[in-house]
Amino acid sequence: MTSHVIAPTATLRAGFVGGGFMAAVHSRGARAAGAGLAGAASSSPRSARSAADRLGLDTAFDSVDALIADADIDVIHICTPNTTHASIARAALEAGKHVICEKPLATTSADAAALVELAAERGLVAAVPFVYRFHPMAREARARVARGESGRLLSVHGAYLQDWLSDRHDDDWRVDVALGGPSRAFADIGSHLVDLAEFVSGDRIVRLNASTRTVYEKRSTNADIATEDLVAVVIELASGAVGTLLVSQVAPGHKNGLSVELSGTDASIRFEQEHPEQLWIGRTDASSIVERDPARLAPDAARLAIVPAGHPMGYQDAFNAFIADAYAAIGGASPEGLPNFDDGLRAVRVTEAVLASAASGTWQEVAA
């Protein structure tokens, strides 16, 4: 089927499903990319009206079906609870809409694989916001690894640490399996860690051994909580490198502590999301800090560095760059490093391997 390509001179029209924090982030990115903000649908018409008012959208739709059916909307942004993602994405693709779907793409690999197939069949752009790969210095780390600066890869270690669920009274819809799915910490933030580690290294996890913990089985409004608060994972990569990953939503003092370090025979390279303006380069004789300076970065990193050195860039800038690249793809371009539904499927498969390993206490192979 012919791809639904938007002419570069046309104004792309975006619709948003959901009205919370992520819908706000998506709408800022869409606005920065020059899209028309067509409207929102949410859990009720009242919620949709509230979202449209807060986010500055044109229309509040009474239902998701009505938004998807609107012929003037080109791309659907899905910013709803995890267990709703697959059905909304399928409906949007079947209606001929391009889709940007929050992760996890689905809560089972079978559903995620079906969405990959459907998007390809319909010739539609289907993207998942693994946005940390859009920090310029994450791209710089990737470029340095690719050109052999670190030598043969020996180890990878990374962490994604947060504290927003540290207290037993902290609560959120994500802890409910019916809304968040069978995995919480790993599906939510561990997927970002895996994506960034594999993207920067150019390598893939082939097997893993995981241990999970649910620290609080009861919170303010949720009881019998089955999803994990933290995960520790030992990994082996296709190259033979080994590594460790620690993921936690109960780490006091850590707000959004995503970090990845790759160590090779010649150098180590470390990127920290909370300090996105620099890379740490470690060598046996001396270590150094590389600052974000567009004039001195690899081309793919420099294109994302939209302000001069010394003018800090952050999370929303990375998200805006992701949205801009997704929209460019809708216009017929092929942006480097755009995370698509294949990457969303990959994240679901790794998550399933983590849960299986934790349940069995054994090593698990990760499906390619």
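Since this is a predicted model, take the numbers as computed values, not measurements. Computed over heavy atoms, backbone and side chain alike; hydrogens, waters and symmetry mates excluded.
- At least one donor-acceptor pair closer than 3.5 Å links the side chain of Glu277 to the backbone N or O of Met313.
- Seen from the ring of Phe199, Arg133 counts as a face-on cation partner, given the 6.0 Å and 45° thresholds.
- Between the SG atom in Cys79 and the CD atom in Glu102 there is a gap of 5.5 Å [rounded to 0.5 Å].
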### side chain to side chain contact (heavy atoms under 4.5 Å, CB included) between Phe271 and Leu196, worked out
CA-CA 10 Å; Phe271 172 77; Leu196 189 61; 3.9 Å; yes
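- When only modelled atom types and interatomic distance are considered, Arg28 and Gln316 share a side-chain donor-acceptor pair under 3.5 Å.
- Taking a cutoff of 4.0 Å between a charged side-chain nitrogen and a carboxylate oxygen, Asp285 and Arg283 do not qualify as a salt bridge.
- The shortest side-chain heavy-atom distance between Leu230 and Val247 does not fall under the 4.5 Å cut-off.
- Remark: side-chain polar atoms of His85 are paired, donor with acceptor, to backbone N or O of Pro104 under 3.5 angstrom.
- Asp58 has a carboxylate O that lies under 4.0 Å from a charged side-chain N of Arg13, or vice versa, which qualifies the two as a salt bridge.
- With rounding to the nearest 0.5 Å, the separation of NE2 in His254 from CD in Glu274 is 8.5 Å.
- Residues Val231 and Ala210 approach most closely at CG1-CB, 4.5 Å, considering heavy atoms.
- A donor-acceptor pair is defined here as one N or O able to donate and one able to accept, closer than 3.5 Å; no such pair exists between the side chain of Asp229 and the backbone of Val250.
- Looking only at atom types and distance, the side chain of Ser211 has a donor-acceptor partner in the side chain of Arg213 under 3.5 Å away.
- Note on Ile323 and Leu338: same hydrophobic cluster, where clusters join Ile, Leu, Val, Met, Phe, Trp and Tyr whose side-chain heavy atoms are under 4.5 Å apart, directly or indirectly.
- When only modelled atom types and interatomic distance are considered, Ser44 and Ser47 share a side-chain donor-acceptor pair under 3.5 Å.
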### Query
Checking salt bridge (charged side-chain N to carboxylate O under 4.0 Å, His left out) for the pair Asp163/Lys255: CA distance, chi angles, key distance, verdict?
CA-CA 6 Å; Asp163 68 359; Lys255 304 307 177 184; 2.8 Å; yes
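- Ring planes of Phe319 and His26: perpendicular class, angle over 60° (limits at 30 and 60°).
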- Message: Could you walk me through whether Arg346 and Glu198 satisfy the salt bridge (charged side-chain N to carboxylate O under 4.0 Å, His left out) test, starting with their C-alpha distance in whole Å, then the side-chain angles of each, then the deciding distance to 0.1 Å, before giving a yes or no?
- Response: CA-CA 11 Å; Arg346 171 67 179 169; Glu198 292 190 337; 2.6 Å; yes
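- In this structure a side-chain-to-backbone donor-acceptor pair under 3.5 Å is present from Asp343 to Asn340.
- The CD atom of Gln278 lies 5.0 Å from the CD1 atom of Ile289; values are rounded to the nearest 0.5 Å.
- The CG atom of Asp188 sits 8.5 Å away from atom OG of Ser183, with the distance rounded to the nearest 0.5 Å.
- The heavy-atom pair separating Val175 from Asp171 by the smallest distance is CG2-OD1, 3.4 Å.
- Under the 3.5 Å distance criterion, the side-chain polar atoms of Lys103 are left unmatched by any main-chain donor or acceptor of Pro129.
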Exercise. Evaluate the side chain to side chain contact (heavy atoms under 4.5 Å, CB included) criterion for residues Arg31 and Leu37: first the C-alpha distance (whole Å), next the side-chain angles of each, then the deciding distance (0.1 Å), finally the verdict.
Key: CA-CA 7 Å; Arg31 183 175 285 109; Leu37 306 188; 3.0 Å; yes
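- Proximity of Asn222 to Ile225: side-chain heavy atoms (C-beta onward) are separated by under 4.5 Å at one or more points.
- Using a 4.5 Å cut-off on side-chain heavy atoms (C-beta onward), Ile330 and Tyr327 make contact.
- In this structure, Val234 and Leu208 have side chains that are not in contact, with every pair of non-hydrogen atoms separated by 4.5 Å or more.
- Geometrically, Arg270 does not engage Trp280 in a cation-pi contact defined by less than 6.0 Å to the ring centre and at most 45° from the axis.
- Following chains of ILVMFWY side-chain contacts shorter than 4.5 Å, one cannot reach Phe21 starting from Leu165, and the two form parts of different hydrophobic clusters.
- Under the 3.5 Å distance criterion, the side-chain polar atoms of Thr214 are left unmatched by any main-chain donor or acceptor of Tyr216.
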| request: Might you work through the side chain to side chain donor-acceptor pair (under 3.5 Å) test for Gln364 and Asn209, ending with a clear yes or no? | output: CA-CA 6 Å; Gln364 292 288 319; Asn209 198 323; over 6 Å; no
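- With sequence neighbours excluded, no residue satisfies side-chain contact (heavy atoms from CB on, under 4.5 Å) with Ala69.
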request  = Check the pair Ser268, Ile281 against side chain to side chain contact (heavy atoms under 4.5 Å, CB included), reporting the backbone distance first and the verdict last.
outcome  = CA-CA 6 Å; Ser268 297; Ile281 310 295; over 6 Å; no
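- Checking side-chain atoms of Arg142 against main-chain N and O of Ala301 turns up no donor-acceptor pair under 3.5 Å.
- A distance of 12.5 Å separates OG of Ser263 from CZ of Arg152, quoted to the nearest 0.5 Å.
- Linking ILVMFWY side-chain heavy atoms closer than 4.5 Å, directly or via other members, places Leu355 and Val350 in two distinct hydrophobic clusters.
- Across Ser239 and Leu153, no two heavy atoms sit closer than the pair OG-CD2, 4.3 Å.
- Inter-residue side-chain proximity for Gln249 and Asp170 is flagged as unmet; no heavy-atom pair is nearer than 4.5 Å.
- Under the 30°/60° scheme for interplanar angles, the aromatic rings of Tyr132 and Tyr315 are found to be tilted.
- Between Leu304 and Arg139, the closest side-chain pair of non-hydrogen atoms falls below 4.5 Å.
- Heavy atoms of other residues, nucleotides or ligands lying less than 6.0 angstrom from CD of Glu217 number 12 at most.
- Judged purely by atom type and a 3.5 angstrom limit, Asp317 uses its side chain to pair as donor or acceptor with the backbone of Gly314.
- Taking all atoms of both residues into account, the shortest heavy-atom contact from Gly19 to Arg54 is O-NH2, 2.6 Å.
- Look at Asp172 and Arg184 and you find no salt bridge, because none of the NZ, NE, NH1 or NH2 atoms lies under 4.0 Å from a carboxylate O.
- Across all their heavy atoms, Ala185 and Glu228 have their closest contact at N-OE2, 3.1 Å.
- Shown here for Met137 and Pro276, the closest heavy-atom pair between the two residues is CG-O, 3.2 Å.
- Taken to the nearest 0.5 Å, the OH atom of Tyr160 stands 9.0 Å off from the OG atom of Ser191.
- Not a single donor-acceptor pair under 3.5 Å links the side chain of His192 to the backbone N or O of Ile189.
- Side-chain contact between Glu261 and Glu272: absent, with no pair of heavy atoms (C-beta onward) separated by less than 4.5 Å.
- For Ser360 (side chain) and Ala356 (main-chain N/O), a donor-acceptor pair under 3.5 Å exists by modelled atom type.
- A heavy-atom distance below 4.5 Å is not found between the side chains of Leu124 and Val99.
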Requested in this report: Might you work through the side chain to side chain contact (heavy atoms under 4.5 Å, CB included) test for Phe61 and Asp70, ending with a clear yes or no?
Outcome: CA-CA 10 Å; Phe61 289 84; Asp70 191 303; 3.4 Å; yes
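- Hydrophobic clustering (ILVMFWY, side-chain heavy atoms < 4.5 Å, transitive): Ile235 and Leu161 are in distinct clusters.
- Under the 4.5 Å side-chain heavy-atom criterion for ILVMFWY residues, a single connected hydrophobic cluster contains both Val290 and Val260.
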